[in-house]
Novice: 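The structure's right below; bear with me while I get my questions together.
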2 protein chains.
Amino acid sequence: MEWSIQEIARVSGTTSRTLRHYDDIGLLPPTRIGSNGYRYYDEHALTRLQRILLLRELGLGLPAIAEVVDGHQANADALTNHLRWLRQEKERLDRQIRSVETTILKMEGGEQLMAEEMFDGFDHTQYREEVEERWGKEAYAAGDRWYRSLSAEQKNRFRQDQLDIQRDYAAALEAGKPADGDEVQAITQRHFDWISVGWRGTHPNAQQFVGLGEMYVADDRFGANYGGIEGARFVRDAMAAYAERKL
Amino acid sequence: MEWSIQEIARVSGTTSRTLRHYDDIGLLPPTRIGSNGYRYYDEHALTRLQRILLLRELGLGLPAIAEVVDGHQANADALTNHLRWLRQEKERLDRQIRSVETTILKMEGGEQLMAEEMFDGFDHTQYREEVEERWGKEAYAAGDRWYRSLSAEQKNRFRQDQLDIQRDYAAALEAGKPADGDEVQAITQRHFDWISVGWRGTHPNAQQFVGLGEMYVADDRFGANYGGIEGARFVRDAMAAYAERKL
DNA sequence: CTTGACCTTGACGCAGCGTCAACGTCTAGC
DNA sequence: GCTAGACGTTGACGCTGCGTCAAGGTCAAG
């Protein structure tokens, strides 16, 4: 009893293309090949195919399946390994889902993706264009709403904190302290906390924090606040060191 | 202020290859291209890159990211869609994990992947070779253990059920009943249940059930039990009809 | 002038087939 | 005996997002 490629495909619920593929990779060679080149399969091939399809439904890769059906690996071992990998994938997905959810929440809550870090305590409206380009229009509007929602006292507090940080950075640079030394890193810790206030609820990750430091260097409007290009580079280095150690 | 491709790659935590790729697909063209062909990026490009990388960390595809950063789609919309897809993927993974878990359990419990269906109530040792080829050595051993673990009464019950099913199929065929008619399908329901007993706890899925029917036709040792090739084809058709409607 | 770091443009590889394309073969009906 | 139509064959590209050579220019420092 033997069947053509289409017949086998039908009864096994797959396609002839798949069977040809399995032949190509040596996973399931046809039982016989006619003089016309046609592939023919018998019951042995059919049962082998069914084992293959079963394992594939469980998500195993074709090389792994080959190991199993060729008897080089026990079913249980292969499946256990596979299960480990599936669980890892699930973990990854879960983390990503949580990230996306909190990101959406932040946007809906008006916090808007790292917009606030741009409001370095100054008249933030002057950065409107740049913020919009950088983070989108909603970002600017949301950040603006947030900043405006602060009481005068809160605003002053926020600005004063930042001025203190700037001043301490400047002093440290003046005094020749290393950017990655403990003293400067203590300032950077406050800097990080200060930024986190603007992010209400979360913190920047390492990459974001480092990127922000780069922007201080890249944009002299920010650089000016940290003592020009020199100061900006110093602060950037301090931030990078902080990110590397703590983030 | 502009940077070379490597510099941008370093501060953004990605690779130059990725940046070239983003250039190739038009997602992030360099700000300037030197006469030597070198790519140079400025702050605008850097901030755009950071938006891109942030979205990519959330798992969005590059085309979707392009939609967002080019302002053709709102952040929230894109992320909400993405979240839906992530949840679906998680569902899929969960189902697959459960499948693999139960499969492993079945194997450990000695039930062993559809081995029992081969023991069509007869002296199953005569099928040893075939079962081993079909489902692996453990499958035979496990099925054997299972069958042997039954009490004499249970064995008789099991065999008697099957004989009844065979007899009823034969009578229906004799009477010219259609394989997909209600009467025959009622027999097939019992047939399905009978097989499920051997599977203790789960049932064959549509593909497996249909495949089993095909084997009755393919292998005359089984076919004989259902009234030769005629009977086997009839049973196979009934099983296929059942699978299509109920599985 | 050399060395080494950095830049460029191809192009293959991966997983698992879907999907043409271009072209033989088989079967049934006229 | 011919023809239509179903089915078979072997390529080969496409998809996702780059990693990874390969072969060869460019640039800054010694």
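Numbers restart at 1 for each chain; the letters A, B, ... are given by sequence-line order, proteins then strands.
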Novice: Do A:L86 and B:L93 come close enough that some side-chain heavy atom pair is under 4.5 Å?
Specialist: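 Yes, side chains in contact.
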
Novice: For a 4.5 angstrom cut-off between non-hydrogen side-chain atoms, does B:Y242 reach B:L247?
Specialist: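 When only atoms from C-beta onward are counted, B:L247 and B:Y242 do touch, with a gap below 4.5 Å.
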
Novice: In whole angstroms, how far is the C1' atom of C:dA15 from the CG atom of A:L27?
Specialist: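 Atom CG in A:L27 sits about 13 Å away from atom C1' in C:dA15.
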
Novice: Is the shortest heavy-atom distance from the side chain of A:T188 to the side chain of A:K246 under 4.5 Å?
Specialist: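 No, their side chains stay 4.5 Å or more apart.
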
Novice: Mind calculating the distance between CG (B:D24) and P (C:dT8) to the nearest angstrom?
Specialist: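 Rounding to the nearest Å, CG of B:D24 and P of C:dT8 are 11 Å apart.
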
Novice: Does this structure show an ion pair linking A:R92 with B:E89, if we count only N-O contacts that are shorter than 4.0 Å?
Specialist: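 Salt bridge flag = no for B:E89 with A:R92.
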
Novice: Less than 4.0 Å between a side-chain N and a carboxylate O, is that true for B:R48 and B:D42?
Specialist: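 Looking at B:D42 and B:R48, the cut-off is not met.
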
Novice: Given 3.5 Å as the limit, does a donor-acceptor pair link the side chain of B:N36 with the main chain of B:Y38, or not?
Specialist: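 The answer is yes, because a donor-acceptor pair under 3.5 Å joins these two groups.
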
Novice: Test: salt bridge (Lys or Arg N to Asp or Glu O under 4.0 Å). Region: residues 72-82 of chain B. Which pairs qualify, not counting sequence neighbours?
Specialist: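 As it turns out, there is no salt bridge (Lys or Arg N to Asp or Glu O under 4.0 Å) pair with a partner in residues 72-82 of chain B once direct neighbours are skipped.
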
Novice: Considering non-hydrogen atoms only, spot the tightest contact between B:A179 and B:D237 and give its length.
Specialist: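 Result for this residue pair: CB-CB, 3.8 Å.
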
Novice: B:H82 versus B:L55: any side-chain heavy-atom pair under 4.5 Å?
Specialist: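 Result no, sub-4.5 Å side-chain heavy-atom pair not found.
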
Novice: Give one of base, sugar-phosphate or nothing for B:I5, where a contact means two heavy atoms less than 4.0 Å apart.
Specialist: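 Sugar-phosphate contact only - B:I5 comes under 4.0 Å of backbone atoms but never of a base.
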
Novice: Expected output is a numbered-order residue list: members of residues 57-64 of chain A with a heavy atom under 4.0 Å from any atom of DNA chain D. What is it?
Specialist: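 Correct list: empty, so none.
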
Novice: Looking at side-chain heavy atoms only, is the closest gap between B:Y40 and B:P30 below 4.5 Å?
Specialist: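 The answer is no, as the side chains (C-beta and beyond) never meet within the 4.5 Å cut-off.
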
Novice: Starting from C1' on C:dA15, measure out to CZ on A:R56 and report it in whole angstrom.
Specialist: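 For the pair A:R56 CZ and C:dA15 C1', the rounded distance is 12 Å.
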
Novice: Quick check: do A:R245 and A:Q185 have side-chain heavy atoms less than 4.5 Å from each other?
Specialist: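 With C-beta onward as the side chain, the pair touches.
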
Novice: Going 5' to 3' along DNA chain D, which nucleotides are the first and last within contact of chain A (any atom under 4.0 Å from a heavy atom)?
Specialist: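 On DNA chain D, the outermost contacted nucleotides are D:dC7 to D:dA12.
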
Novice: Going by atom types alone, do B:Y169 and B:H191 pair a side-chain donor with an acceptor below 3.5 Å?
Specialist: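 The criterion, which ignores hydrogens and geometry beyond distance, is satisfied for B:H191 and B:Y169.
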
Novice: With heavy-atom distances below 4.5 Å as the criterion, would you say the side chains of A:V11 and A:W3 are in contact?
Specialist: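 SC-SC contact between A:V11 and A:W3 ruled out.
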
Novice: For DNA chain D, which residues of residues 84-98 of chain A approach it to below 4.0 angstrom with any heavy atom?
Specialist: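 Within residues 84-98 of chain A, no residue comes under 4.0 Å of DNA chain D.
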
Novice: Is the closest side-chain heavy-atom distance between B:L60 and B:L79 below 4.5 Å?
Specialist: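 Heavy-atom side-chain distance check passes, below 4.5 Å.
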
Novice: Determine, step by step, whether B:L49 and B:L19 satisfy the side chain to side chain contact (heavy atoms under 4.5 Å, CB included) criterion, reporting the C-alpha distance in whole Å, the side-chain angles of both residues, the deciding distance to 0.1 Å, and the verdict.
Specialist: CA-CA 9 Å; B:L49 174 58; B:L19 292 170; 3.7 Å; yes

Novice: Where along residues 32-41 of chain B does a heavy atom fall under 4.0 Å from DNA chain D?
Specialist: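 Contacting residues: B:N36, B:Y38.
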
Novice: Figure out the NE2/P separation between A:H21 and C:dC14, and round it to whole Å.
Specialist: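 Roughly 12 Å, once rounded to whole Å.
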
Novice: Residues of residues 9-19 of chain A with any non-hydrogen atom less than 4.0 angstrom from an atom of DNA chain C: list those, numerically ordered, please.
Specialist: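 Within residues 9-19 of chain A, the residues near DNA chain C are A:T15, A:R17, A:T18.
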
